[in-house]
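Here the structure is laid out as structure tokens; the discussion comes afterwards.
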Amino acid sequence: MSEHGHLWQNGPELDGQIPPGAIENKWDDLRFSMKLVAPANRRHYHVIVVGSGLAGASVATALGEQGYRVSCFCFQDSPRRAHSVAAQGGINAAKNYRNDGDSIRRLFYDTVKGGDYRSRESNTYRLAQISTEIIDQCVAQGVPFAREYGGYLDNRSFGGVQVSRTFYARGQTGQQLLLGAYQSLTRQIAAGQVEMHVRSEMLDLIVVDGIARGIVVRNLLTGEIRAVLGDAVVLATGGYSNVFFLSTNAKGCNVTAIWRAYRKGAVFANPCYTQIHPTCIPPSGSHQSKLTLMSESLRNDGRIWVPRHPGDTRSPNAVPEPDRYYFLEEKYPSFGNLVPRDVASRNAKQVVDEGMGVGPQQNGVYLDFSEAMERLGRGTIEQRYGNLFDMYHSITGEDPYAVPMRIYPAVHYTMGGLWVDYQLQSNVPGLFVLGEANFSDHGANRLGASALMQGLADGYFIAPYTIGNYLAGIDQTAVTADAPEVTGAIADVRNRLSALLGIQGRRTALSLHRELGQIMWEQCGMARTAESLSTAQAQLQGLRESFWNELYVPGDAGSLNQNLEFAGRVADLIELGELLVLDALHREESCGGHFREESQTADGEAKRNDEEFSYVAGWAWQGEGAAPMLRREPLAFEAVRLSERSYS
Amino acid sequence: MKLHLRVWRQSSAEDRGRFEDYELDDVSPDSSFLEMLDLLNEQLLEQRKMPVAFDHDCREGICGMCGLMIDGTAHGPVPGHTVCQLHMRHFKDGDRIVIEPWRVAAFPVVQDLVVDRGSFDRILQRGGFISFATGTAPEANSILIPKDRVDTAMDAATCIGCGACAAACPNGSATLFTAAKIGHLGHLPQGQPERYQRVMGMVGQMDAEGFGGCTNVGACTSVCPKEIGQDFISQMNRDYRRAVLGRTGD
Amino acid sequence: MWRSSIGKKIIMAGTGLIWIGYLLVHMYGNLKAFAGEEAFNHYAESLRTLGEPMVGHGHALMIARIVLTLSLVAHVWAAMVLTRAAQQARPTGYARFRQASGNYATITMRWGGLALGLFILYHLAHLTWNVPVLTGEYEPGNTFDKLVVGFTNPVNVVLYLLALVAVGLHLWHGSASFFQTMGWRTAANRQQIRFLTGVLAVAIPVGFAVVPLAVAAGFVA
């Protein structure tokens with residue numbers, strides 16, 4: 001660690017403000033001790049919510065229902081398009097409807113273990129506690145979860161856990177949950193409690209006297225730039241997987257909102273924790289603009305294999321059983337194909353690197369349903385995975401009922417994000433961060449079917465309390481539009497847009513984004529080394545210079561200019577990439593989605609270093625060109641015992 | 001593949017707009033339609049021209065952001081697909097392709113191929129929800145729903161709100177969209193208390209937004225990326241009739 | 001109800017049903033031509049004496065005419081308003097547009113309806129108002145004779161048959177739309193409705209066509 005000491009400066013520790021007491025009681029105790037705002041007074045408070053996915057829509061709804069004035073912003077043309085919509089598999093809840101040994105404690109334990117002991121225990125426990133309420137809430141909203149013939153809710157086992165606790169709505173659980181949240185949000189919009197601003201992008205955070213007091217937004221249609229002032233700001237703007245260019249995220253997903261907040265003083269935690277999803281469709285060529293994920297529920301019935309001998313180009317159905325290498329089943333007999341995402345991904349990378357990759361580009365592994373179809377019948381497979389099979393067929397032109405699917409890992413989710421305390425408040429008072437945009441609950445790797453759960457837990461059941469508690473305690477002096485912090489932030493945004501337009505070079509934002517992705521994936525992807533990361537640092541610095549010297553953005557800032565929006569996002573992603581690489585370089589251990597080749601066990605598994613790295617790495621911006629400050633939050637595990645993750 | 005594209009260009013809502021022709025070489029048959037447009041835009045930027053604005057986001061057929069009229073068919077020639085899921089292998093080398101925005105008065109063109117579908121959100125604001133406050137929900141399994149009922153509700157709930165139904169309808173009607181949303185909640189026990197109020201409110205707003213009426217053509221279902229059926233329209237009509245005639249007893 | 005788009009469609013469905021009922025009665029009457037001159041004329045006269053003595057002479061017919069006229073006016077009014085709304089819903093058309101669904105009946109619904117309206121005027125002019133240019137010499141008061149003389153003119157036969165094609169198409173789409181608009185069509189009865197509306201769309205035009213054809217061929221004289 002010390003050898004890289006010049007890359008950052010150490011700063012004071014961060015305090016997660018974890019309530020005292022037994023882990024089961026922390027949330028209840030805290031809620032009881034919270035200050036409340038009287039119902040009649042709530043309309044005097046204005047809360048700004050950025051993002052309208054599960055976390056943003058739900059918090060805007062819940063605050064609106066309580067009587068606060070809420071303004072909600074999204075860059076899409078409707079709040080119902082946020083990328084939560086694309087989650088396929090399901091949502092976990094410790095209902096134990098299957099009587100198979102599930103409990104709040106087990107969900108908590110699985111989540112902490114899945115996160116490779118790098119999450120904040122108290123947050124994760126609360127998440128498991130709240131999980132059951134979320135299902136009740138969603139059913140009441142009219143979410144059509146899958147049901148059994150008796151009319152009761154159906155569950156399935158999902159992503160490396162041994163109980164069936166996942167609720168789902170065909171392969172479109174995220175869509176249905178988002179529509180549920182959107183419907184409730186719509187009701188608040190209709191009631192006048194929430195003012196919705198679509199096609200609006202937050203381009204800066206306004207901080208006055210160290211407190212978050214508003215945002216600068218650009219109307220993407222008219223180009224109008226204005227300050228929106230309020231009493232609290234909530235960022236629920238999702239993750240930054242698009243730093244890898246090719247990811248399963250929507251094209252619009254970006255880091256700008258939280259990156260701008262970072263540059264205004266909010267601490268960015270664990271940026272290097274990125275999740276690779278094992279079941280994506282491999283890229284088909286240089287035109288590829290994004291990767292498509294297929295629900296990992298496919299691994300419940302599909303068997304993963306490659307030809308045992310490198311260079312075997314026979315068609316999959318012609319490869320006899322002895323020549324098939326079911327690498328996950330062989331290496332991990334008790335979990336088999338259901339090992340956690342990072343383990344499955346890394347093993348796929350390993351066999352592809354060893355020359356056993358399949359498909360025209362030799363960049364995938366097979367996911368084979370022939371045995372399951374024999375056992376369960378084609379009808380059952382169709383019923384379970386029909387839409388995924390159709391999707392695969394339409395993208396690749398191959399029929400997965402006839403030949404095995406080809407899959408390869410892709411970046412899918414980012415566990416890192418803005419640092420928040422137990423109340424989901426960042427180190428900047430008044431700035432709350434929810435959902436994928438924060439860092440807290442998933443540690444170094446996220447358990448399948450937990451992202452939807454976290455977004456809704458944060459939005460419906462945590463932030464509405466903690467924001468109320470914050471508002472009840474503030475001294476509500478108004479910030480005026482002519483305050484220097486406000487006019488300054490607006491001027492910064494204008495200058496930045498002018499700068500992007502003024503370069504007038506020869507390279508497009510898309511080509512720069514592609515290059516960024518290549519650097520990140522090759523040097524800082526599924527496996528990282530000190531050397532590759534140092535290479536990445538040099539390359540990213542070069543890329544940043546190229547960006548600001550060679551970019552070409554046509555048109556102006558006074559109307560819809562999709563290229564301008566995109567260029568701004570790429571600029572922030574490049575800067576974030578540098579921080580991500582620095583974080584990966586500093587964390588000289590392997591944990592969860594972060595795999596340092598220097599730190600592995602004899603059989604190639606991730607090896608944590610609890611003694612040195614059992615902490616959250618929070619990075620604080622120190623100004624342009626200055627090394628960021630590292631602020632640690634030590635992780636204490638009281639309810640679970642740290643153990644080596646083993647799936648063999 | 002080589003393609004000849006005829007693309008609608010319109011710099012703003014006020015601009016009258018016109019078609020422009022472009023030639024595009026080296027399109028991979030494995031690329032998606034939107035990736036083909038990416039390639040066109042890179043070529044335009046190379047020539048220092050304004051790229052074609054089009055809406056897109058998830059690029060996997062679920063967000064409902066993309067939507068183009070391709071050779072006169074909403075979302076292009078493959079049924080059950082959005083534009084982003086349409087791959088160029090469905091076209092031939094040398095094809096001429098006409099690309100237009102949705103043409104519906106209630107979806108005004110913003111720029112090039114981008115339209116404003118806010119009217120859909122406003123329809124939903126007139127009742128496309130279940131009125132209940134966070135925290136009041138009963139235990140999830142206390143509401144039993146027969147499997148076939150929830151499956152039907154899900155069939156309707158898959159609507160992504162892309163607007164293809166209205167774009168393809170010869171009457172510019174949003175009936176399928178509205179019916180799908182009403183059908184989703186109308187098939188669930190949770191949706192019953194507001195069932196008739198909902199249909200009155202949403203149909204009223206649908207008309208007020210300037211969408212045309214339904215003449216049972218079925219073009220909407222043919223182009224719907226989620227293949228939502230005409231039965232939901234029948235159901236909406238029944239609910240509406242009952243609501244108007246006050247026969248909401250059953 | 002009449003304000004909304006669905007309400008207007010319900011009006012169209014209801015008035016359309018009245019006309020379907022009328023067509024069936026009308027067809028039944030026409031077919032009486034095969035029973036001979038006396039039976040046919042007796043039937044024609046009984047239309048005037050229907051309901052006597054409770055209602056006055058010709059009053060039932062008058063009521064029927066009023067109901068039919070009002071239905072037609074309402075039907076046409078709703079169609080016109082909906083057509084205008086559809087035109088306003090797409091002020092700028094597509095450069096290229098492929099109708100994604102719908103058969104000939106669906107597409108021709110509006111023009112077919114207009115054509116039918118014109119035919120009804122012609123038909124009334126011919127057989128009810130007795131406009132001399134359209135009618136040949138017939139025995140006054142003998143409806144059967146008027147029919148036979150009328151359909152001896154091949155122009156009338158051809159126009160009549162063309163109109164029946166339009167009736168068939170209009171009925172095919174219209175009767176199916178009736179069930180859809182009233183909300184009675186479900187996944188379960190879709191096939192039955194398709195069959196029923198198909199039968200209706202063929203049976204009524206055929207039922208009407210046999211009389212002029214028989215007259216033209218000399219079977220009825």
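Reminder, nothing fancy here: chain letters follow the sequence lines and each chain counts from 1.
For chain B, the nearby part of A/Tyr182 is the side chain; its heavy atoms alone come within less than 4.5 Å. In this structure, no portion of B/His90 lies under 4.5 Å from any heavy atom of chain A. Residue B/Thr158 touches chain A through both its backbone and its side chain, counting heavy-atom pairs closer than 4.5 Å. For A/Thr132, no part lies under 4.5 angstrom from a heavy atom of chain B. B/Gln125 touches chain A through backbone and side chain together, each having a heavy atom under 4.5 Å away. Looking at A/Glu65, the atoms closer than 4.5 Å to chain B (heavy atoms on both sides) all sit in the side chain, from C-beta outward. Using a 4.5 Å cut-off between heavy atoms, B/Thr136 makes no contact with chain A at all. Interface residue B/Val150: backbone and side-chain heavy atoms are both found under 4.5 Å from chain A. Only the backbone of B/Cys159 comes within less than 4.5 Å of a heavy atom in chain A; its side chain stays farther off. With a threshold of 4.5 angstrom between heavy atoms, B/Leu34 does not approach chain A through any atom at all. With a threshold of 4.5 angstrom between heavy atoms, A/Gln66 does not approach chain B through any atom at all. Looking at A/Ser286, there are no atoms closer than 4.5 Å to chain B (heavy atoms on both sides), in backbone or side chain. Only the side chain of B/Leu185 comes within contact range of chain A, with at least one heavy atom under 4.5 Å from a heavy atom of that chain. Only the side chain of A/Leu221 comes within contact range of chain B, judged by heavy atoms closer than 4.5 Å. In this structure, the portion of B/Arg89 lying under 4.5 Å from any heavy atom of chain A is its side chain and not its backbone. Proximity to chain B (any heavy atom under 4.5 Å) is shown, for A/Gln76, by both the backbone and the side chain. For A/Gln141, the parts lying near chain B are the backbone and the side chain together; criterion is any non-hydrogen pair under 4.5 Å. Both the backbone and the side chain of B/Leu45 come within contact range of chain A, judged by heavy atoms closer than 4.5 Å.
By the side-chain hydrogen bond (donor to acceptor under 3.5 Å, both in side chains) test, B/Asp155 pairs with A/Arg170, sequence neighbours left out. Listed by chain and number, the residues in a salt bridge (Lys or Arg N to Asp or Glu O under 4.0 Å) with A/Asp390 amount to none (sequence neighbours excluded).
With no hydrogens or angles considered, no side-chain donor-acceptor pair links A/Ser559 and B/Gln111 at under 3.5 Å. Under 3.5 Å, the side chains of B/Gln85 and B/Thr82 contain a donor-acceptor pair of N or O atoms. Using modelled atom types and a 3.5 Å distance limit, the side chains of A/His412 and A/Thr248 yield a donor-acceptor pair.
The pair B/Asp57-A/Arg81 fails the salt-bridge criterion, with no side-chain N (NZ, NE, NH1 or NH2) lying under 4.0 Å from an Asp/Glu carboxylate O. Salt-bridge check for B/Asp25 with B/Lys2: passed, with a basic side-chain N closer than 4.0 Å to an acidic carboxylate O. The pair A/Lys95-B/Glu139 meets the salt-bridge criterion, since a charged nitrogen lies less than 4.0 angstrom from a carboxylate oxygen.
Checked against a 6.0 Å centroid threshold, the rings of B/Phe232 and B/His187 count as neighbours. B/Phe54 and B/Phe33 have their aromatic ring centers separated by at least 6.0 angstrom.
Cation-pi check for A/Arg507 over A/Tyr552 is not met; the charged atom does not lie both under 6.0 angstrom from the ring centroid and within 45 degrees of its normal.
Panel note: side chain B/Asn141, backbone A/Tyr152; no donor-acceptor pair is recorded below 3.5 Å. A distance-only check finds a donor-acceptor pair linking the side chain of B/Gln10 to the backbone of B/Asp15 [under 3.5 Å]. Judged by distance alone, with hydrogens and angles left aside, the side-chain atoms of A/Arg165 form no donor-acceptor pair with the main-chain N or O of A/Ala93 at under 3.5 Å.
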**CA sep, side-chain torsions, deciding dist, call: A/Asp154, A/Arg98, salt bridge (Lys or Arg N to Asp or Glu O under 4.0 Å)** = CA-CA 9 Å; A/Asp154 193 16; A/Arg98 286 304 178 91; 2.7 Å; yes
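Using non-hydrogen atoms only and a strict 4.5 Å limit, the part of residues 112-122 of chain B facing chain A consists of B/Val114, B/Val115, B/Arg117, B/Phe120, B/Asp121. Contacts of residues 187-194 of chain A with chain B at a heavy-atom distance below 4.5 Å involve A/Arg187, A/Ile189, A/Ala190, listed in sequence order.
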